Amino acid sequence: MSETMRIVQLYPELLGVTGDRGNVAVFETRLRAAGLDVETVRVGVGEPLPDGGIDVLVIGNGPLSAMRRVAPDLHAKREVIAAIFSAGSLVFAVGAGAELLSRGTTTIEGEHLAGLDLFPFAVTRSRERRVGYIVAESEHGQIVGFEDHAATWHLDAGAAALATVTAGGGSIGVPGAGAGESIRVGEAYATNVQGPALPLNPEWADAMLTAALARRGIDYARTREHERLDALARGARERIIALARVTQITAIGL
Amino acid sequence: MPAIAAGKLARWATRLRGGGSAFPGYLTNRLAPSLLPTLAGQFPYGVLFVLGSNGKTTTTHMISEVLRAHGLTVFTNPTGANLPQGVTSALLADATLTGRVRADVAVLEVDEGYAADLADVLSPRVIVALNVQIDQLYRFFETERVADMMLDAATRASHEVIVNRDDPYLSKIDETGLRGRAVFFGASAALVQASAHGLVNATDTRSEQAGIAARAAEVEVVATSGRNVTIDFRGTPIDIMLPARGLHYAVDAAAALAAASGVLGERFEPAAAAAGFGAMAPAYGRGEVIPLAPGRDDVVEFVMFKNAPSLQLNLDALEAAPERVLMAIDEGTPDISWIYDVDFDALDHVDVVSGEKAHQVALRLAYAGVPVGTVEPDVAKAVELMRALPATANGRQSWLVNYEIMMQGRRLLGHGDQEVARR
Ligand SMILES: [Zn+2]
């Protein structure tokens with residue numbers, strides 16, 4: 001098979017401080033293990049998105065200052081990114097990256113950072129920080145990871161959370177069990193789950209890749225390499241699920 | 001006034017903790033805040049603060065040894081006791097019943113979150129700003145906040161501010177806002193370029209200039225060969241031996257020479273400074289070497305890390321891929337998302353992965369293509385597995401660990417479980 005899947009990571013320098021390379025590595029490694037060629041393009045501020053097909057777009061997490069820094073460039077790319085959404089390509093956005101693709105973020109000081117309006121939610125930042133392990137039930141099984149944010153996502157009418165929190169805080173609704181976490185629009189996902197999310201959640205990653213390949217008329221073939229990675233993920237997940245119920249982490253380690 | 005300052009400090013602590021706590025009462029009732037400024041004023045060579053995301057402990061140790069080599073009696077806070085409570089109780093414990101200090105100088109590592117308020121109480125003559133690196137984000141959330149905390153504290157130094165010229169945020173320090181003089185230190189461009197990932201200081205995400213502002217360094221690392229480095233000190237080359245390998249330690253050493261010179265002024269002697277480094281024992285877990293078992297010749301070299309930059313710089317400092325490797329992280333480091341931001345090219349395998357986060361670490365190594373021998377979350381069992389491996393050609397194992405597992409590992413190897421005051 002010589003099909004090449006093209007992954008684009010947006011702003012890896014400025015929005016890539018919470019292991020966001022890990023999510024890219026999961027797509028790369030699992031696609032290669034499935035017998036595909038992979039081309040990864042990293043796009044920074046002022047650099048153009050590649051012409052032609054983009055199979056996977058990843059945008060990661062960073063501080064508010066980084067959001068401000070990339071915003072003008074991102075808005076200049078709005079048409080291209082909107083086209084990636086409407087083409088049904090896989091989009092995976094984490095934290096600040098997800099906020100930039102939403103309706104926008106209102107900071108504690110009341111400043112509003114406009115988003116690209118591609119995800120149906122708006123964000124308010126608060127002083128109440130949610131830090132610690134998170135476990136949430138979803139159509140892709142139990143999503144586990146680490147959360148570290150002070151962002152509440154307000155969903156548009158008709159939009160629904162992807163997962164329901166069973167341990168941890170979550171981004172949508174009142175923090176705690178029953179809150180919502182992450183959102184899906186077609187093949188575009190926005191999440192506040194770190195860890196990073198995809199190494200810890202291979203079932204979710206495979207669901208995304210299956211759809212991304214189906215769009216190209218290719219079957220996703222899992223191999224023994226996938227099994228090997230997933231056995232380690234299973235061990236990590238078991239530990240996190242056990243700890244998520246009992247661990248309290250204060251935002252400042254005094 | 002002192003009571004007001006201490007109250008301010010306590011309020012700041014409360015604010016950071018996000019609610020009420022016993023801490024303010026503890027400070028005002030038990031630590032006699034009115035005494036603190038009095039004590040600080042008694043050090044003939046003043047008080048020095050060391051601030052930074054990484055390297056505070058090492059640099060504090062280096063400065064102390066260089067000053068001792070010049071004949072000074074040094075007061076320093078116990079390793080890691082860098083919050084106001086730790087700093088002030090150490091200071092009060094050291095003072096005699098009459099309220100007199102017995103040292104010539106106080107060299108204090110201080111948590112950047114409290115540095116400005118503590119500076120208002122202790123009036124440092126010299127403040128060292130080592131670096132702004134991406135640390136555990138759950139502490140201060142935004143890297144530029146950490147930078148601002150250090151820059152804000154720096155304005156309080158009465159004599160000199162020792163600043164890392166190779167740090168994007170710190171190199172942009174506003175000299176007009178300082179009471180003291182800014183003294184820049186750094187590493188030569190060639191050395192930074194030769195380092196696999198440079199110095200891993202945080203990108204400046206808020207200004208138009210993401211990298212450093214060009215500054216001339218008065219004290220600069222110009223050559224390294226293993227633990228031997230040459231530092232250009234205002235035109236005079238000083239050859240020193242570091243307690244452990246790595247460009248980051250060399251940069252810390254440059255900061256330490258600049259800081260010691262700031263404290264000593266005309267009394268600073270390059271030869272005495274070099275002698276100070278020669279007398280330095282490695283700090284716990286920072287290049288420290290311990291026998292693998294009592295009576296055995298082969299040793300464990302502890303390589304401690306607490307975040308992505310410190311792990312990356314330690315990996316980059318390896319001479320070659322180590323023959324036997326243990327890597328272990330426990331819940332003392334809650335969020336390890338950042339291990340995916342680290343390049344593991346320096347390792348060709350890891351023998352045993354351990355700690356509560358063993359599977360998370362093994363998973364990261366698997367995605368990095370680094371073969372792993374055994375995943376054993378129980379650290380005691382992991383130590384037994386490492387002991388059972390055949391001896392290496394160079395008689396050495398490398399244990400890459402976070403702070404808590406470094407302490408646990410030392411204990412399991414039969415060494416003391418308390419990291420005590422640096423002499
Ligand atoms: Zn080996």
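A, B, ... follow the sequence lines: proteins, then strands. Residue 1 opens every chain. Note that this is a predicted model, so its numbers are computed, not measured. Values below: all heavy atoms of this structure, side chains included; hydrogens, waters and symmetry mates excluded.
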**Report entry** Side chain / backbone / both / neither for R30(A) at chain B, heavy atoms under 4.5 Å
**Finding:** side chain
Report task. Identify which part of R228(A) has an atom lying under 4.5 Å from any heavy atom of chain B, answering side chain, backbone, both or neither. Result -> side chain
Donor-acceptor pairs under 3.5 angstrom involving side-chain atoms of residues 359-366 of chain B: please list them, not counting sequence neighbours.
unit_1	atom_1	unit_2	atom_2	d
R364(B)	NE	I339(B)	O	2.8
R364(B)	NH2	Y340(B)	O	3.3
R364(B)	NH2	V342(B)	O	3.1

**Report entry** Verdict with reasoning, R68(A) to R206(B), per side chain to side chain contact (heavy atoms under 4.5 Å, CB included)
**Finding:** CA-CA 8 Å; R68(A) 292 190 193 100; R206(B) 69 175 166 199; over 6 Å; no
Report task. Indicate the atoms forming the closest heavy-atom contact of L14(A) with T203(B), along with that distance. Result -> CD2-CG2, 4.3 Å
Query - D20(A) versus chain B, the contacting section by heavy-atom distance below 4.5 Å - result: backbone
Query raised in the report: Given that the side chain runs from C-beta out, which part of R21(A) has a heavy atom under 4.5 Å from chain B: side chain, backbone, both or neither?
Result: both
Requested in this report: Return the option, out of G195(A), A25(A), G62(A), with the maximum number of heavy-atom pairs under 4.5 Å with chain B.
Outcome: G195(A)
Requested in this report: Measure the shortest side-chain to side-chain distance between V26(A) and Y367(B) over non-hydrogen atoms and say whether it is less than 4.5 angstrom.
Outcome: yes
**Report entry** CD (Q142(A)) with more than 12 external heavy atoms under 6.0 Å
**Finding:** yes
Query raised in the report: Between P196(A) and S337(B), what is the shortest heavy-atom contact and its length?
Result: CD-O, 3.9 Å
Query - Interatomic spacing from OH in Y133(A) to CG in D335(B) - rounded to 0.5 Å - result: 8.0 Å
Requested in this report: Under 4.5 Å heavy-atom distance to chain B, tell me which part of L64(A) shows up: side chain, backbone, both or neither.
Outcome: both
Query raised in the report: Is a salt bridge present between D204(B) and R69(A), judged by a nitrogen-to-oxygen distance below 4.0 Å?
Result: no
